[in-house]
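Working notes for the structure below.
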Amino acid sequence: MFLSLSVHASESCVATGELEKTRIKRVVDGDTIHLSDGRKVRLVGVDTPELDHKNGHHQPYAVAATAFLRSRLDRFVYIQPAKNERDRYGRFLYYLFDKDRISLASQLLSEGLGYRIAVPPNLAYQACFEAAENAARDAHKGVWRQSLQWQPQAGFAISRVNITSITQNRGGWWLETDQDLVINLPPYVTDYWPAQKVFYLEGKTLEVRGWQHQRKSRYSKFKSWVLTVRHPNDLREVESFSVLD
């Protein structure tokens with residue numbers, strides 16, 4: 001069943017466009033669900049803290065995010081596919097809405113139970129997600145009670161770092177930091193960052209977010225960790241907003 005919706009632009013947390021009505025079989029964690037027809041779904045636009053299903057060493061607020069998502073799921077939900085409909089694990093990338101057609105991602109963000117993330121071309125509802133996250137950040141809710149000090153760990157990361165130097169090669173832009181970390185703006189998204197805009201960032205303090213990995217092999221002159229940023233929404237000057245120490 002598909003519905004065509006026409007919603008005023010000011011109601012940006014409410015679904016716009018066509019929706020599919022479906023049912024949930026299982027909530028895996030705060031941003032992953034299984035539908036009753038077997039589809040495995042990753043919510044778009046939000047990353048919630050990780051559950052450790054094997055050992056129970058959950059990240060802070062992971063259990064709360066999962067419980068919150070379960071509490072908002074009624075007899076049915078609405079889903080809407082992203083432009084890129086699957087991730088590298090084969091999961092469907094959908095926007096998820098409750099029975100009132102309100103974004104579940106925005107609700108998680110407004111409660112401080114996840115971080116907004118921008119991965120082109122799946123950028124719908126970014127303004128809504130940003131507003132929801134900012135409300136939680138201003139109220140110091142959930143994840144915003146934690147420090148933004150950089151940590152050497154794999155997976156999604158959000159940190160405050162100082163940019164010490166900038167270079168460019170076939171791998172895109174490389175922003176060296178004052179930590180054992182380099183930020184990569186890959187070549188397929190460099191249209192977002194003109195050279196003048198990138199070089200301006202040298203010497204600046206930035207808040208960056210994205211998925212972080214450790215180099216499999218490296219020379220001593222290179223940083224051990226790489227954090228990939230795909231959209232300007234996920235790389236910003238600290239002075240432009242309030243962050244926790």
Side-chain angles (χ1 to χ4, degrees), residues 2-20 22 28-33 35 39-48 69 77-97 101-110 114-134 155-158 168-175 183-198 201 206-213 226-237 240:
F2 286 84
L3 302 176
S4 181
L5 302 178
S6 178
V7 181
H8 192 273
S10 64
E11 299 177 276
S12 58
C13 287
V14 180
T16 60
E18 291 187 339
L19 299 178
E20 178 186 352
T22 187
V28 179
D29 56 28
D31 55 35
T32 308
I33 61 172
L35 300 180
R39 280 178 289 177
K40 298 179 181 180
V41 175
R42 174 66 164 81
L43 275 64
V44 180
V46 61
D47 190 89
T48 61
L69 187 57
V77 293
Y78 293 108
I79 57 174
Q80 186 176 68
K83 287 186 176 181
N84 277 354
E85 199 171 337
R86 292 199 187 221
D87 66 9
R88 61 176 178 165
Y89 303 109
R91 297 177 298 186
F92 288 89
L93 297 172
Y94 290 162
Y95 301 96
L96 183 67
F97 304 90
R101 302 176 179 87
I102 305 297
S103 162
L104 269 299
S106 71
Q107 294 180 49
L108 285 161
L109 291 168
S110 66
Y115 296 103
R116 178 202 53 74
I117 191 73
V119 180
N122 300 337
L123 301 174
Y125 304 101
Q126 272 288 307
C128 161
F129 296 159
E130 184 172 5
E133 180 181 80
N134 286 342
F156 179 82
I158 177 169
Q168 185 183 30
N169 59 26
R170 290 182 298 175
W173 289 103
W174 301 88
L175 283 61
I183 299 163
N184 176 229
L185 313 180
Y188 56 87
V189 296
T190 52
D191 286 348
Y192 287 116
W193 285 283
Q196 184 178 5
K197 185 176 181 180
V198 177
L201 299 174
L206 305 181
E207 181 185 286
V208 297
R209 62 181 75 188
W211 278 268
Q212 186 169 275
H213 69 274
V226 178
L227 187 149
T228 302
V229 178
R230 296 177 173 85
H231 193 271
N233 280 3
D234 294 347
L235 188 153
R236 300 182 179 182
E237 275 193 79
S240 63

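Sequential numbering from 1 along the given sequence is applied to the chain's residues.
For the residue pair Tyr188 and Arg230, a side-chain donor N or O sits within less than 3.5 Å of a side-chain acceptor on the partner. At a cut-off of 3.5 Å, with distance as the only test, no side-chain donor of Tyr94 or Arg42 sits close to an acceptor on the other residue.
Side-chain contact between Trp173 and Pro187 is absent, with no heavy-atom pair separated by less than 4.5 Å. Considering only heavy atoms from C-beta on, Leu201 comes within 4.5 Å of Leu235 through its side chain. Contact check for Val41 versus Ile79: no side-chain heavy atoms found under the 4.5 Å cut-off. Side-chain contact check for Leu123 versus His231: some heavy-atom pair is nearer than 4.5 Å. Residues Leu175 and Val229 are not in side-chain contact: their nearest non-hydrogen atoms beyond the backbone lie 4.5 Å or more apart. By the 4.5 Å heavy-atom criterion applied to side chains, Thr32 and Leu43 are not counted as neighbours. The closest side-chain heavy-atom distance from Arg116 to Val46 is not below 4.5 Å. Between Phe97 and Ile102, every side-chain heavy-atom pair lies at or beyond the 4.5 Å cut-off.
Of the possible donor and acceptor atoms, none in the side chain of Gln126 sits under 3.5 Å from a partner among the backbone N and O of Gly45. For Asn184 (side chain) and Leu227 (main-chain N/O), no donor-acceptor pair under 3.5 Å exists by modelled atom type. Between the side chain of Asp31 and the main chain of Asp47, no donor-acceptor pair closer than 3.5 Å is present. Using a distance-only test at 3.5 Å, with no hydrogens or angles considered, a donor-acceptor pair links the side chain of Ser110 to the main chain of Ser106.
Judged by the 6.0 Å and 45° rule, Arg86 forms a cation-pi pair with Phe92.
Taking a cutoff of 4.0 Å between a charged side-chain nitrogen and a carboxylate oxygen, Arg209 and Glu133 qualify as a salt bridge. Classification of Arg91 and Glu85 as a salt-bridged pair fails, no side-chain N sitting under 4.0 Å from a carboxylate O.
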- Intermediate values then yes/no, side chain to side chain donor-acceptor pair (under 3.5 Å), Gln80 and Tyr125: CA-CA 12 Å; Gln80 186 176 68; Tyr125 304 101; 2.8 Å; yes

- Message: Is there a side-chain contact (heavy atoms from CB on, under 4.5 Å) between Val208 and Ile158? Walk through the geometry before answering.
- Response: CA-CA 6 Å; Val208 297; Ile158 177 169; over 6 Å; no

- Task: Given salt bridge (charged side-chain N to carboxylate O under 4.0 Å, His left out), test Asp87 with Lys40 step by step and report yes or no.
- Result: CA-CA 11 Å; Asp87 66 9; Lys40 298 179 181 180; over 6 Å; no

- Task: Might you work through the side-chain contact (heavy atoms from CB on, under 4.5 Å) test for Leu104 and Tyr95, ending with a clear yes or no?
- Result: CA-CA 8 Å; Leu104 269 299; Tyr95 301 96; over 6 Å; no

- Task: Could you check Ser103 against Phe129 for side-chain contact (heavy atoms from CB on, under 4.5 Å), going step by step and ending with a plain yes or no?
- Result: CA-CA 9 Å; Ser103 162; Phe129 296 159; 3.4 Å; yes

- Query: Would Asn122 and Leu93 satisfy side-chain contact (heavy atoms from CB on, under 4.5 Å), going step by step from the backbone distance to the final call?
  - Reply: CA-CA 9 Å; Asn122 300 337; Leu93 297 172; 3.7 Å; yes

- Task: Could you go through the side chain to side chain donor-acceptor pair (under 3.5 Å) check for Asn233 and Glu130 one step at a time?
- Result: CA-CA 9 Å; Asn233 280 3; Glu130 184 172 5; 4.7 Å; no

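Checked against ring-ring contact (aromatic ring centres under 6.0 Å, His included), Trp174 has no partners two or more places apart in sequence or in another chain.
In this structure, OH on Tyr115 lies 13.0 Å from CG on Asp234, to the nearest 0.5 angstrom.
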